[in-house]
Amino acid sequence: MNVPRRRFLGSSLFLLGSSLTEALATPLWKWRDPALLQTALSNTVAPPAPPAVSPVQFVDVAQQAGLTIPNVWGGIDHKRSIIEAKGSGLAFFDYDNDGWLDIYFTNGDRLDAKWPAGKAPTSHLYKNNRDGTFTDVTEKSGLGRTGWQTGVCVGDYDNDGWDDLFCCFWGHNVLFHNNGNGTFTDVTQKAGLFQEQVRWGAGCTFLDYDRDGHLDLFVCNYIKLDPGKIPMPDDTNFCQWKGVPTMCGPRGLPGDTNILYHNNGDGTFTDVSQKAGILKPGPRYSITAVSYDFDNDGWPDIYVAVDSEPSILFKNNHDGTFTDVAVMAGCAYSDNGHEQAGMGIAVADYDCDGWFDIFKTNFADDTSNLYHNNGDGTFSDLTFPTGIGVNNRYVAWGCGFVDYDNDGWQDIIQINGHVYPEIDNYNFGQTYKNPRLVYKNQGNGHFKDVSADMGPGISEHYSSRGAAFGDYDNDGDIDVLVLNLNDPPSLLRNDGGNKQNWIKLKLVGTKCNRTAIGARVKVTTGKHVQMDEVHSGTSVMSQGDLRLHFGLGKAETADLIEVIWPTTQKTELFKQVKANQILTIREGEGIVATFKPKPA
């Protein structure tokens, strides 16, 4: 379908070029002939109309919000090891249970750096002041760590009512227990999660795979990277990309295996990776994992984005084991059977047919994937038929299905950033720092690239990695938090998305896990039915808002809200619920709290 359009465009440019060439070759005195002038004007293509301005604009308000500390991650102009290029994620989560999203930023390091006392980069925790600003409370919280921290995921693993943090590192992963008083305690050893050997943890996700009411933990491991084998600064034996010397990897480097930890229900975990079948796919360059019930059987499955190798779809066998069915299901490779450099994952029922679909980001010179769930255990790669395949020049990382305009259809936001700073010295048609992308869901199975219309927060250029999505100002539309390599973060405030109606749900488990991860919600307005699940870990190595957000368009009431709780699979129904409010629903008790934003 694209070939005719390209030929038509080429023909148009040829005609325009021909007209201009003839005009420039015509002596000036001949332009006095009205007939000649009319012919020239008729052969000239009119300039395109300026793009329409979207009623929704994303504006970067990070600086005025108090998010000014830059990320530190490897060399700025040159990377000599793959660890310097990888980057990391971040999190939106309500650590103090006040109903407002706080922020957790991961951070990195520099190779061979010797930081003055108190000057080393650390991770940061920011408390939401409920007025559009944040306060850095890292020192009090106990979360400030120096090191190559990559991924983060959130879940209340001990069901005490406070969401905890699991943080992946190149080195040793850490489980931070939320003490409920603004502080966190490292309980990694106590919980049985500490490993002596250095491993490169990437993404992670909490899930209750056996539906026993306790959150288990899945951890992606990327590459076996020995700290003692990092190339020296004067080592010129680098690999190449398009003929340019660059750092090496991941191909040629040893991959690592993923881990599944079972929650014992007493604050400890047991590694069940072998028993559960997680090791069967062998070593992979795994980056990000998410857990959803992809086959609608009531049990959570796991999808893993893998770099430069086939991605993984672990089907839950209902007996404590998993089977990788990605190849058979059609979501391991591209539509032409090629391995891809999978980075980030977003999941949603984008066409509202009752089945969860998958969006996966990849490396430059390739498109992202949109895998449509066929409802029979298979997926179809509809990247090009849906309009997603129009961009292939970016290294894509964070991503999310986000109904940015509350019209009831999930749009897509994609975050980009190259890994080789050196390419800015060459004319490759690609740059190290890139804009973001927004694809609007047309409601008919197709998407449109509207990035140019979405405001300065989308058009600004960074080499970005992690992204988290959530309504940090509780005004009824979804905002975006972005980690930028060796730059301050971006906080993209959504201006205008709340002009249409919405509903937001905070679910609290009693018989299921306290965070209600795995709970499924359906929202019906007329004949339109939307669906989502509470999930931990998403985008790329990041954590978004645990609350579920549904755009309602012009509907002022949700006709029906259905909540299916994961452990018991029991359904609770709520009818004729007014729009534009945040509801807290506790399992077995119904709606226990409401919040209505003040009019702007």
Side-chain angles (χ1 to χ4, degrees), residues 57-77 84 87-96 100-110 113 115-150 152 165 167 182 184 397-398 415-417 421 432-436 455-475 479-495 539 541-545:
Q57 297 286 288
F58 285 96
V59 180
D60 189 349
V61 296
Q63 185 171 3
Q64 50 265 51
L67 308 177
T68 58
I69 296 177
N71 168 264
V72 174
W73 202 277
I76 297 176
D77 300 319
E84 296 183 275
S88 57
L90 32 66
F92 265 142
F93 82 117
D94 182 8
Y95 79 89
D96 53 1
W100 295 76
L101 289 178
D102 309 298
I103 291 174
Y104 178 77
F105 279 120
T106 63
N107 218 328
D109 208 339
R110 300 206 198 285
W115 302 100
K119 299 297 183 181
T122 70
S123 48
H124 285 267
L125 179 67
Y126 291 93
K127 176 176 172 52
N128 192 325
N129 298 324
R130 312 183 198 180
D131 60 1
T133 67
F134 293 81
T135 297
D136 189 337
V137 296
T138 308
E139 185 174 356
K140 175 188 175 184
S141 72
L143 289 177
R145 291 288 180 98
T146 297
W148 301 90
Q149 183 183 349
T150 46
V152 58
L165 274 174
C167 301
F184 291 77
W397 296 89
I415 306 301
N416 308 300
Y432 182 59
K433 295 186 176 183
N434 309 132
R436 291 80 190 243
I458 299 300
S459 61
E460 60 187 4
H461 287 56
Y462 289 99
S463 183
S464 303
R465 297 296 186 266
F469 304 89
D471 185 3
Y472 81 91
D473 50 2
N474 281 346
D475 67 348
D479 313 295
V480 188
L481 179 68
V482 184
L483 184 140
N484 303 313
L485 229 60
N486 288 314
D487 272 307
S490 297
L491 179 60
L492 308 185
R493 187 185 65 205
N494 182 327
D495 290 346
S539 182
M541 304 177 287
S542 297
Q543 175 70 54
D545 192 349

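Because the structure is a prediction, the values reported are computed rather than measured. For the numbers below, each heavy atom of this structure counts, side chains included, while hydrogens, waters and symmetry mates do not.
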- Item | Ion pair Arg493/Asp473, N-O distance below 4.0 Å | no
- Message: Please find the pair of heavy atoms, one from Pro435 and one from Ser459, that lie closest to each other, and give the distance.
- Response: CB-O, 3.7 Å
- Message: How long is the straight-line distance from OG1 of Thr122 back to CD of Glu139, given to the nearest 0.5 Å?
- Response: 10.0 Å
- Message: Are the side chains of Leu492 and Glu460 in contact, using a 4.5 Å heavy-atom criterion?
- Response: yes
- Query: Is a donor on one side and an acceptor on the other found under 3.5 Å between the side chain of Asp131 and the backbone of Thr133?
  - Reply: yes
- Pairwise side-chain contact, Thr106 with Thr150, heavy-atom cut-off 4.5 Å (strictly under): no
- Message: For Phe58, is there any backbone N or O sitting under 3.5 Å from a side-chain donor or acceptor partner on Asn494?
- Response: no
- Task: Measure the spacing between CG of Leu125 and CG of Leu165 and express it to the nearest 0.5 Å.
- Result: 8.0 Å
- Taking the side chain as every heavy atom from C-beta outward, state whether Asp479 and Leu101 have any atom pair closer than 4.5 Å. no
- Task: Measure the spacing between CZ of Phe92 and CG of Asp545 and express it to the nearest 0.5 Å.
- Result: 8.0 Å
- Side-chain donor/acceptor of Asn128 to backbone N/O of Asp102, under 3.5 Å: no
- Asp60 side chain to Gly457 backbone, donor-acceptor under 3.5 Å: no
- Message: For a side-chain contact (heavy atoms from CB on, under 4.5 Å) check, start with the C-alpha distance between Tyr432 and Leu485, then their side-chain angles and the critical distance, and finish with the verdict.
- Response: CA-CA 11 Å; Tyr432 182 59; Leu485 229 60; 3.6 Å; yes
- pair Leu90-Ser542: side-chain heavy atoms closer than 4.5 Å: yes
- Task: Using modelled atom types only, decide if a donor and an acceptor are shared between the side chain of Ser123 and the backbone of Leu143 within a distance under 3.5 Å.
- Result: yes
- Query: By side-chain contact (heavy atoms from CB on, under 4.5 Å), which residues pair with Asp487, not counting sequence neighbours?
  - Reply: Lys433, Tyr462, Asn484
- Message: Has Ser490 got a side-chain atom pairing as donor or acceptor with Val482's backbone, closer than 3.5 angstrom?
- Response: no
- Any chance you could measure Arg145, atom CZ, to Thr138, atom OG1, to the nearest 0.5 Å? 13.0 Å
- Over all atoms of both residues, closest heavy-atom pair of Gln57 and Pro456: OE1-CD, 4.5 Å
- Correct closest heavy-atom pair for Gly398 and Ser539 would be CA-OG, 3.2 Å
- Just wondering, more than 12 heavy atoms not from Gln64 lying within 6.0 Å of its CD? yes
- Message: Tell me whether the count of non-hydrogen atoms from other residues, nucleotides or ligands lying under 6.0 Å of CG in Asp77 goes above 12.
- Response: no
- Message: Please find the pair of heavy atoms, one from Ala468 and one from Gly544, that lie closest to each other, and give the distance.
- Response: CB-CA, 4.3 Å
- Query: Closest approach of Thr68 and Gln63, non-hydrogen atoms and distance?
  - Reply: CG2-O, 3.9 Å
- Apply the test side-chain contact (heavy atoms from CB on, under 4.5 Å) to residues Cys167 and Gln149: give CA-CA distance (whole Å), side-chain angles for both, the deciding distance (0.1 Å), then the verdict. CA-CA 7 Å; Cys167 301; Gln149 183 183 349; 3.2 Å; yes
- Smallest heavy-atom separation, Ile69 atom then Pro489 atom, equals O-CD, 3.5 Å
- Counting distance only, does the side-chain N/O of Asp109 pair as donor-acceptor with the main-chain N or O of Gly147 below 3.5 Å? no
- Query: Parallel under 30°, tilted from 30 to 60°, perpendicular over 60°: which one fits the rings of Phe184 and Tyr95?
  - Reply: tilted
- Name all residues meeting the ring pair (Phe, Tyr, Trp, His ring centres under 6.0 Å) criterion together with Phe134; count only those two or more places apart in sequence or in a different chain, and write none if there are none. Tyr472
- So do Arg465 and Asn71 actually touch side chain to side chain, heavy atoms under 4.5 Å? no
- Message: Does any part of the side chain of Leu483, heavy atoms only, come nearer than 4.5 Å to the side chain of Trp73, both counted from C-beta?
- Response: no
- For Arg110, the salt bridge (charged side-chain N to carboxylate O under 4.0 Å, His left out) test, sequence neighbours excluded, returns none
- Residue pair Trp115 / Val72, side-chain heavy-atom distance below 4.5 Å: yes
- Query: Side chains of Tyr126 and Val137: closer than 4.5 Å at any heavy-atom pair?
  - Reply: no
- Item | Stepwise ring-ring contact (aromatic ring centres under 6.0 Å, His included) check, Phe93 with Tyr104 | CA-CA 8 Å; Phe93 82 117; Tyr104 178 77; 7.0 Å; no
